[in-house]
Asks: 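Once you've had a glance at the structure underneath, I'll fire off some questions.
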Amino acid sequence: MGKALDGIKILDFTHVQSGPTCTQLLAWMGADVIKVERAGEGDITRGQLRDIPGVDSLYFTMLNHNKRSITVDGKNPKGKAILETLVKHCDVLVENFAPGALDRMGLTWEHIQTLNPRMVVASVKGFGPGPYEDCKVYENVAQCAGGSASTTGFDDGPPLVTGAQIGDSGTGLHLALGIVAALYQRNTTGRGQRVLAAMQDGVLNLCRVKLRDQQRLARTGVMDEYPQYPNGKFGEAVPRAGNASGGGQPGWILKCKGWETDPNAYIYFIVQAPVWKDICGVIGRPEWLTDPRYATPKMRLPHLMEIFGGIEEWTRTKTKFEAMDILNQHDIPCGPILSMKEIAEEPSLRKTGTVVEVDHPTRGKYLSVGNPIKMSDSATEVTRSPLLGEHTDQVLAELGYGAEQIAALRAEKVI
Ligand code: CAO
């Protein structure tokens, strides 16, 4: 079967997490991703958080599947010449260097355009143009600057960062979409273009509903689906909402059987209006149906915590999976709090390729997250990440370098 991006060549200067997430997705969709690294060291993550001495870390292997690796010293004139040949050869350049690093390597937008006017040049940066545009940025900085941290956590605690890497992997996803759209536009214009995904912007995009709430709060001073309502206080900015899900679908995380010893024995429970009757029946509270305080969804909002308290008395008697089975029979929306161990062992995720086992020559078998985007005409086969410089000779040969030239470049430590 062909792949959606067959024939597209990516010159991949990405490192750490945000950029590699992007190019990995493009590789899964069929692009030929040529990852350029520095000889000897390569992407810094190869050696970070290592669990096996001398072996590429899981951090690296899980973000660089289906790519080829070539080592080139981009600061050596002969290395620069290789990079310029790669610019002519490829459709897209992707990078997430610190601001200015690509220019310092001699690959300014103007120069790239003279070499290959069809090239799409895509960048992740921490911030867009403005006061922080020159800053180096990592995941949690973006979560804090993009509005996620100030709106995550509980009202009486500090701002919190989330485990989901919305700053890095989230921005990588945004960039991948921009690249594919730029390639599509190139079909009509014949020109490449620059694509920028700033991590602050990516996080804010994912926090869109919180900017919605900021404006609601400014207008009305209160938001009745937040846990601060009716007894707490609202300030000027959107507060942290704990585990509330908001709107007409109020939800909370409730304890299940075993919570005293299992930190993940919890369920997310949504008190959705159309199944209110079923909820009262299932948890054995038929009297709630005639309680005037609970007559409508709006009237229930000030009493949500006591309602969740009553429901929790029931969920504490069931494991999260028993509760799921019972609630699903009544279409009551709920979700188990799954640990990473449970996710790793979940057979249905293995079956769909969302969790895959990959074999690696020095690491052996390991688990990874496969392509979360499933396409009916472009199936994903996850292959292992490349060893450092594994494809240097192969790629240089494709660019027209002969064996002797390659040997000389290696002797001079250019590759
Ligand atoms: N040959 C020669 N030099 C190379 C090279 C190669 N093949 N590959 C990289 N380099 C050089 C770069 O040219 C740069 O050199 P100069 O600073 O002298 O110009 C240098 O290596 C380091 O690049 P960097 O500044 O990007 O790396 P860093 O480790 O200092 O910073 C990071 C890392 C992530 C903070 C920074 O790259 C950044 O802010 N990126 C944008 C935001 C981003 O993507 N952050 C998410 C990272 S994932 O958590």
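One-based numbering, in listed order, for ligands and for the atoms of each. Note: hydrogens, waters and symmetry copies are ignored here, and every other heavy atom, side chains too, is used.
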Asks: Who's the nearest protein heavy-atom neighbour of atom 40 (N) of ligand 1, and how far?
Replies: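 Ranked first by proximity to atom 40 (N) of ligand 1 is Asn96 O, 2.9 Å.
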Asks: To check your reading of the model: name the closest protein heavy atom to atom 9 (C) of ligand 1, its residue, and the distance in Å.
Replies: Phe97 CE2, 3.4 Å
Asks: Relative to the heavy atoms of Ser18, which atoms of ligand 1 are at a distance of less than 4.0 Å?
Replies: 43 (C), 44 (O), 46 (C), 48 (S)
Asks: Find all atoms of ligand 1 within a distance of less than 4.0 Å from any non-hydrogen atom belonging to Asp168, and give their numbers and elements.
Replies: 46 (C), 47 (C), 48 (S), 49 (O)
Asks: Show me which atoms of ligand 1 lie under 4.0 Å from any heavy atom of Tyr138.
Replies: 32 (C), 33 (C), 34 (C), 35 (C), 49 (O)
Asks: Quick check for you: to the nearest 0.5 Å, what is the distance between Asn264 atom CG and Glu342 atom CD?
Replies: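 Nearest 0.5 Å value for the CG-CD distance: 6.5 Å.
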Asks: When you check the side-chain N and O atoms of Glu84 and His111, is any donor under 3.5 Å from an acceptor?
Replies: yes
Asks: How long is the gap from CG on Asn64 to OG1 on Thr23, to the nearest 0.5 Å?
Replies: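 If we round to the nearest 0.5 Å, Asn64:CG and Thr23:OG1 are 6.5 Å apart.
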Asks: Name the residue from Ile332, Ile279, Val282 that meets the side-chain contact (heavy atoms from CB on, under 4.5 Å) definition with Ile311.
Replies: Ile279
Asks: So, regarding Cys135 and ligand 1 (criterion: nitrogen or oxygen to nitrogen or oxygen, under 3.5 Å), is there a contact or not?
Replies: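 No, no N or O pair falls under 3.5 Å.
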Asks: Does any N or O of ligand 1 fall below 3.5 Å from an N or O anywhere on Val137, backbone included?
Replies: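 Among all N and O atoms of Val137, at least one is under 3.5 Å from an N or O of ligand 1.
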Asks: Looking at Ile267 and Ala323, what are the two nearest heavy atoms and their distance?
Replies: CD1-CB, 3.8 Å
Asks: Would you give the length of the straight line joining atom NZ of Lys67 to atom CZ of Arg384, rounded to the nearest 0.5 angstrom?
Replies: 14.0 Å
Asks: Suppose we measure from atom 1 (N) of ligand 1 to each protein heavy atom; which comes out shortest, and what is that distance?
Replies: Gly74 N, 2.9 Å
Asks: Between His65 and Trp28, what is the ring plane arrangement, given parallel below 30°, perpendicular above 60°, and tilted in between?
Replies: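 Rings of His65 and Trp28: parallel, under 30°.
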Asks: Considering heavy atoms of the protein only, find what lies nearest to atom 21 (O) of ligand 1 and give residue, atom and distance to 0.1 Å.
Replies: Arg38 NH2, 3.0 Å
Asks: Below 3.5 Å, N or O to N or O, backbone or side chain included: is there any such pair between Ala98 and ligand 1?
Replies: yes
Asks: Please round to the nearest 0.5 Å and tell me the distance separating atom CG of Asp262 and atom OG of Ser339.
Replies: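 Separation between the atoms: 7.5 Å.
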Asks: Could you check whether any heavy atom of His15 sits closer than 4.0 Å to an atom of ligand 1, since that is the contact criterion I want to use?
Replies: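 His15: in contact with ligand 1 (<4.0 Å).
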Asks: What I want to know is whether Lys125 and ligand 1 share at least one N or O pair that is separated by under 3.5 angstrom.
Replies: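 So ligand 1 has no N or O lying under 3.5 Å from an N or O of Lys125.
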Asks: So is Val72 polar-close to ligand 1, meaning N/O to N/O under 3.5 Å?
Replies: yes
Asks: Using a 4.0 Å heavy-atom cut-off, which part of Arg104 comes near ligand 1: side chain, backbone, both, or neither?
Replies: side chain
Asks: Measure the distance from atom 4 (C) of ligand 1 to every protein heavy atom, then report the residue, atom name and distance (to 0.1 Å) of the closest one.
Replies: Met105 CE, 3.5 Å
Asks: State the atoms of ligand 1, each with its element, that fall below the 4.0 Å cut-off from a heavy-atom position in Val124.
Replies: 41 (C), 44 (O)
Asks: Based purely on interatomic distance, does Lys75 place a nitrogen or oxygen under 3.5 Å from a nitrogen or oxygen of ligand 1?
Replies: yes
Asks: Does Phe154 have Arg240 sitting over its ring (NZ/CZ under 6.0 Å from centre, angle to axis within 45°)?
Replies: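 No; the conditions do not both hold, so Arg240 does not lie above the ring face of Phe154.
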Asks: With heavy-atom distances below 4.0 Å as the criterion, list the atoms of ligand 1 near Asp73.
Replies: 1 (N), 2 (C)
Asks: Parallel under 30°, tilted from 30 to 60°, perpendicular over 60°: which one fits the rings of Phe234 and Tyr226?
Replies: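 Ring orientation of Phe234 relative to Tyr226: perpendicular.
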Asks: With a 6.0 Å cut-off (strictly less than), is the heavy-atom count around NZ of Lys413, excluding the residue itself, greater than 12?
Replies: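 Incorrect, the count does not exceed 12.
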Asks: Decide whether the shortest distance between a heavy atom of Gly126 and an atom of ligand 1 is less than 4.0 Å.
Replies: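 A heavy atom of Gly126 does come that close to ligand 1.
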